[in-house]
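These numbers come from the heavy atoms of this one structure, side chains and all, not from hydrogens, waters or symmetry mates. The structure displayed is predicted, hence computed values, not measured ones.
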Amino acid sequence: MIFDTIAAISSPLGTGAISVIRLTGKNVLQVITDLFNINNPEPKKMYYGWIKEKEDVIDEVTWVYHKGPKSYTGEDMLEIFGHGGILVTRKILNIILSKNVREALPGEFSKRAVINKKMDLVKAEAINELIHANSEYALKAAANQMDGKLSEKIQMLKKELFNIAARIEVEMDYPDDFEVDNFEFLNSLNSIKDELEYLYENADNGISAIEGIKMAIVGKPNAGKSTLLNALLRKDRAIVTDIPGTTRDTIEENLNIHGIYIKSIDTAGIRETDDVVEKIGVERSLKAIEQSKLVLFVLDNSTGIEDYDIEIYEKIKNLNKDIIIVINKSDLKNKDNFEIPWKNHDIVRISAATGNIKNLEDLIYDKLKNTVTTNEFTLTNERQKRAVKKAIDSVIKAIEGIELGLTNDAIMFDVRKAIEG
C-alpha cells in the first residue's frame with residue numbers, strides 16, 4: 001500500500017557531524033528529480049550532490065534511494081545525509097516539505113512498515129522501546145523482542161488456533177464426511193493456554209524493565225529525604241533546608257541504579273498538619289507510596305525514633321510493599337540509643353549529605369534485580385499484556401465449551417476470539 005509522501009529528521013536534533021533526513025511515499029522519485037536533477041536512480045547506491053534553494057547552495061550531501069517494497073516502510077524511500085547543524089538540517093527539511101511532502105507524525109515510518117507487512121506491531125514497539133531505553137535492563141528487554149522470537153511464538157500459537165478453527169469449520173460444513181475429535185482439540189487448547197499463561201505471568205518483568213519501577217522515599221519532615229534524592233541523582237533537584245515541611249508536594253525523578261530504571265518519588269513529610277497545601281502534599285505522598293514497588297523509610301540518626309516515625313510506619317506497614325529502613329545522617333551523633341523496633345526489614349545506614357550511599361544503592365539493586373530480569377523474550381508493555389489476557393480468557397472459554405459438550409460453532413467462536421487477541 002502506497003501513501004502520500006512524508007519526511008522527517010531521523011537524527012537527533014543538535015550539532016553533530018552528520019544529520020539524516022528520510023522520505024517515504026509515492027512522490028519520492030519526483031523529489032529526487034527536483035532536488036538532484038536525476039531520473040531513475042539506482043537503488044541502494046550512494047549518490048553525491050548539493051541541496052539548493054533556487055540558486056543558493058544550502059548544503060553538500062550524499063543520498064540513497066531505496067525502491068519499494070525492498071525498504072524499511074515497503075514504499076519508495078530516500079535518505080539524505082547532510083552536515084549536522086540544526087539550522088541547515090531544518091532548512092533542508094523545509095525545502096523538501098515545499099515539494100508536495102508533509103512532515104511525518106511521530107512513529108509514522110514504523111506504522112507504514114507495519115501496514116505494509118514489513119514488520120509486525122511487536123517489532124515496531126520494540127524499536128520504539130530500544131530508542132527510548134533508559135537502562136541496561138530496558139535495552140536487553142527491547143533487544144530480545146527485536147530478534148523476532150516473541151513474534152514467532154505468537155504467530156506459532158495463532159497458527160495452531162487457526163488450524164483448530166479450520167478443522168471445526170470443515171466438520172460443520174461437511175458433517176457426514178468428517179468427524180472432529182474434540183478431545184484432541186482439548187489437548188491442543190490446554191497446551192496453547194499454558195504457553196500464553198507463561199507469557200502473561202512473566203510480563204511484569206519486561207514491563208518493569210522498560211517502564212521503570214516506582215520507588216517512594218518517605219519519612220518525617222527534615223529526615224533528609226530530599227538530600228537523599230539529590231544524592232541518588234548526583235545533582236541538586238530537590239530544595240533542601242533545615243525547615244520542616246520544605247517539600248510540600250511529591251517530586252518525581254528517574255534514576256539508573258546498576259542498570260535498573262527507577263522512578264523515584266520524594267514525598268512530602270507525612271505528618272498531621274493544618275496547612276492546606278501541606279495536607280494535599282501528604283495525601284499525594286500516601287498515594288505515591290501505594291503505587292510504588294519499593295519504599296525507602298528514612299529515619300534521622302540525630303534524633304532517634306520519634307512519634308512521627310512510628311505514625312508513618314503504621315501507615316505503610318500494611319501496604320504490602322518492600323521496605324528498606326534507611327538511617328540517615330549517620331555522620332552525626334545519636335541523640336539516644338538507636339534501637340530499631342522493626343526487625344523484619346532490611347536496615348542500612350547512610351549519610352546522604354556526604355554522598356555515602358553506595359551500600360543503599362547496592363541494596364536497592366539486590367531488592368529489584370529479580371523484577372526486571374527477563375528470559376530470552378517477554379512482553380514489554382500493557383497493550384501486549386492485555387492482548388494475551390484476552391486470548392487466555394477466550395481459550396479457557398473454548399476449553400470449558402468442549403468439556404460441557406457445547407456445539408462446535410460456539411467453540412469456534414471462542415477460538416476465533418482468541419486469535420484476535
Is there a donor-acceptor contact under 3.5 Å from the side chain of [X] to the main chain of [Y]?
X	Y	answer
T89	S19	no
T227	A353	no
S71	E75	yes
N301	I327	no
N205	T373	yes
N134	I210	no
D322	K293	no
N144	A141	no
D120	K123	yes

Would you say [X] and [Y] make side-chain contact, with heavy atoms under 4.5 Å?
X	Y	answer
I316	K321	no
D366	K369	yes
L296	M215	yes
Q145	T380	yes
V61	F36	yes
K329	T303	no
N27	K99	no
Y47	I38	yes

Salt-bridge present ([X], [Y]; N to O < 4.0 Å):
X	Y	result
E108	R112	yes
D393	K389	yes
E361	R234	yes
K193	E197	yes
E169	R416	yes
E103	R90	yes
K220	D300	no

Quick check with a 6.0 Å cut-off and a 45 degree axis cone: is K45 positioned over the face of Y65's six-membered ring? no
Measure from NZ or CZ of K111 to the centre of the six-membered ring of F109, then state whether that distance is under 6.0 Å and the direction lies within 45° of the axis. no
Could you grab the distance from atom [atom1] of [X] to atom [atom2] of [Y], nearest 0.5 Å is fine?
X	Y	atom1	atom2	result
I154	K159	CD1	NZ	16.0 Å
L255	I213	CG	CD1	11.5 Å
I80	L35	CD1	CG	5.5 Å
L23	I21	CG	CD1	8.0 Å
D346	I364	CG	CD1	11.0 Å
K367	I260	NZ	CD1	13.0 Å

Passing option when L299 is tested against I312, N328, I340 for side chain to side chain contact (heavy atoms under 4.5 Å, CB included):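 Only one option passes, and that is I340.
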[X] side chain to [Y] side chain, donor-acceptor N/O pair below 3.5 angstrom:
X	Y	answer
T73	T24	yes
T33	N39	yes
E129	N381	yes
S110	Y72	yes
N202	T378	no
K263	S292	no
S351	D331	yes
Q384	E125	yes
D409	T407	yes
D414	S394	no
E252	S264	no

Evaluate the ring-ring contact (aromatic ring centres under 6.0 Å, His included) criterion for residues W63 and Y48: first the C-alpha distance (whole Å), next the side-chain angles of each, then the deciding distance (0.1 Å), finally the verdict. CA-CA 7 Å; W63 55 275; Y48 167 83; over 10 Å; no
Search all heavy atoms of [X] against all heavy atoms of [Y] and return the closest pair with its distance.
X	Y	result
V28	L78	CG1-CB, 3.8 Å
S11	V20	OG-N, 2.9 Å
Y313	H345	OH-NE2, 2.9 Å
P41	L29	CD-CD2, 3.7 Å
A165	V415	CB-CG1, 4.0 Å
E211	Y261	O-CE2, 3.3 Å

Can you check side-chain hydrogen bond (donor to acceptor under 3.5 Å, both in side chains) on D266 and S226, steps first, answer last? CA-CA 6 Å; D266 176 22; S226 296; 2.7 Å; yes
More than 12 heavy atoms from other groups under 6.0 Å of [atom1] on [X]:
X	atom1	result
K44	NZ	yes
L404	CG	yes
K397	NZ	no
E195	CD	yes

Please report the C-alpha distance between S188 and E160 in whole Å, then the side-chain angles of each, then the deciding distance to 0.1 Å, and finally whether the side-chain hydrogen bond (donor to acceptor under 3.5 Å, both in side chains) criterion is met. CA-CA 8 Å; S188 297; E160 291 180 18; over 6 Å; no
Ring pair (Phe, Tyr, Trp, His ring centres under 6.0 Å) with H258: which residues, sequence neighbours excluded?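 Applying ring pair (Phe, Tyr, Trp, His ring centres under 6.0 Å) to H258 gives Y365.
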Y198: which residues meet the ring pair (Phe, Tyr, Trp, His ring centres under 6.0 Å) condition with it, sequence neighbours left out? none
Steps toward side-chain hydrogen bond (donor to acceptor under 3.5 Å, both in side chains) verdict (H66, E79): CA-CA 8 Å; H66 304 274; E79 292 182 310; 2.9 Å; yes
